[in-house]
Amino acid sequence: MRFLRLLCFVSGATAAVSYAHHSLPALFDTSRTVVVAGEVTRFEFEAPHSYIHLNVADAAGKPTAWQIETYPPGMLIRKGLTPDTLMPGHRISVNGNPSRDGRPLLRLLTIVMPDGEERQIQ
Amino acid sequence: MRYGWRWGQGWPTLRTAGLLSFAVGVGLVAVMPRSVVAAEDLTGVWLATSPRSVIRANRPELTRKAQADLDAFDPLDDPVIRCVVPGVPRSGLTIYPFEIVQTETMLVFLYEHFGMVRRIYLDGRALPDDLPPGRMGYSLGHWEDAELVIDTTRFAPALLGGDGLRQYGDMSVRERYRLLEGGQVLEADVTITAPTTFVAPWTRRFTWQVDPNGMIYEAVCDPADSRF
């Protein structure tokens, strides 16, 4: 019921509650991981969370816009991720914890960079 | 020049006076309060290297009250969502780095996460009687040989984790820090004593590695940045 309430809040046109710095268990199912791959459309490099925007195509080729949530800039810089390392058009794959409500949102654990290098982020 | 001294035979020689002065000096150091004799310099930026598994390692059994509150917790009630400082020890032991600035009478911990600040007083002062409780508590430290021992009390009730584990204001935290590997590694044993939460004290070991770049980044939190 609590997460249904969460879904109702976030699906509305105007959010009544701010989730700028959410509690991890509130949004993500940390007991599961999924892998998605696609093309970067945008890399928001900011605090409290950075977001990689990814177009992920299904079997029929239809793209879905995913958001991959990760660390703020300071932590990403230490792991070799900067705004220049993920540019629109880059193809990557990411492994992470899915959102509890099934929306296309992932908490980043590992990333395979455009050059094929795998990096542990979490 | 005469050497030595015999009782009743005049003033001691320079050599004897020097030896006596040295002995007095050694004695003074021996009886000086431990807090002002710094055994190590912990200054620097420290990157967390503990595995995530340490966060819940060795956790003792919860009291009935703590377990009931944990089971009933709604993550939407977490103050961190509103950018309220998580405090220590909820934050500051894993993931995000901190910088230590050390003087003879104080250490200051500058955390990257939420920009938290802790002052550790080493000058032997007593805990103020009228100090209000807070999220960071009040920290007094002293050296025991090469270990820095920090005792923190006066915590306000707060969450110990995002899962809803809570302490009820009766918590005290003891940290024992030591430098290893030629000063490149910082290790700490952290013991939480919170009788309303745990049936026994909770001890975990954390490690950090020195950051040669020495950089702490700003990590702001704006509750107006509504995304979901």
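So that the names make sense, note that chain A is the first sequence line, chain B the second, and so on, each numbered from 1.
Side-chain contact between A:Gln67 and A:Pro104: absent, with no pair of heavy atoms (C-beta onward) separated by less than 4.5 Å. Inter-residue side-chain proximity for B:Ile150 and B:Phe109 is flagged as met; some heavy-atom pair is nearer than 4.5 Å. Residues B:Val185 and B:Leu179 have side chains not in contact (no heavy-atom distance under 4.5 Å, counting atoms from C-beta outward). At least one side-chain heavy atom of B:Pro97 sits less than 4.5 Å from a side-chain heavy atom of B:Ile216.
Other residues, nucleotides and ligands place no more than 12 heavy atoms under 6.0 Å from the CZ atom of B:Arg56.
Identified by a heavy-atom distance below 4.5 Å to chain B, the contributing residues of residues 70-81 of chain A are A:Tyr71, A:Pro72, A:Gly74, A:Met75, A:Ile77, A:Arg78, in residue-number order.
At a 4.5 Å heavy-atom cutoff, B:Leu159 makes no contact with chain A through either its backbone or its side chain.
Counting only distance, with no hydrogens or angles, the side chain of B:Arg166 and the backbone of B:Thr197 share no donor-acceptor pair below 3.5 Å.
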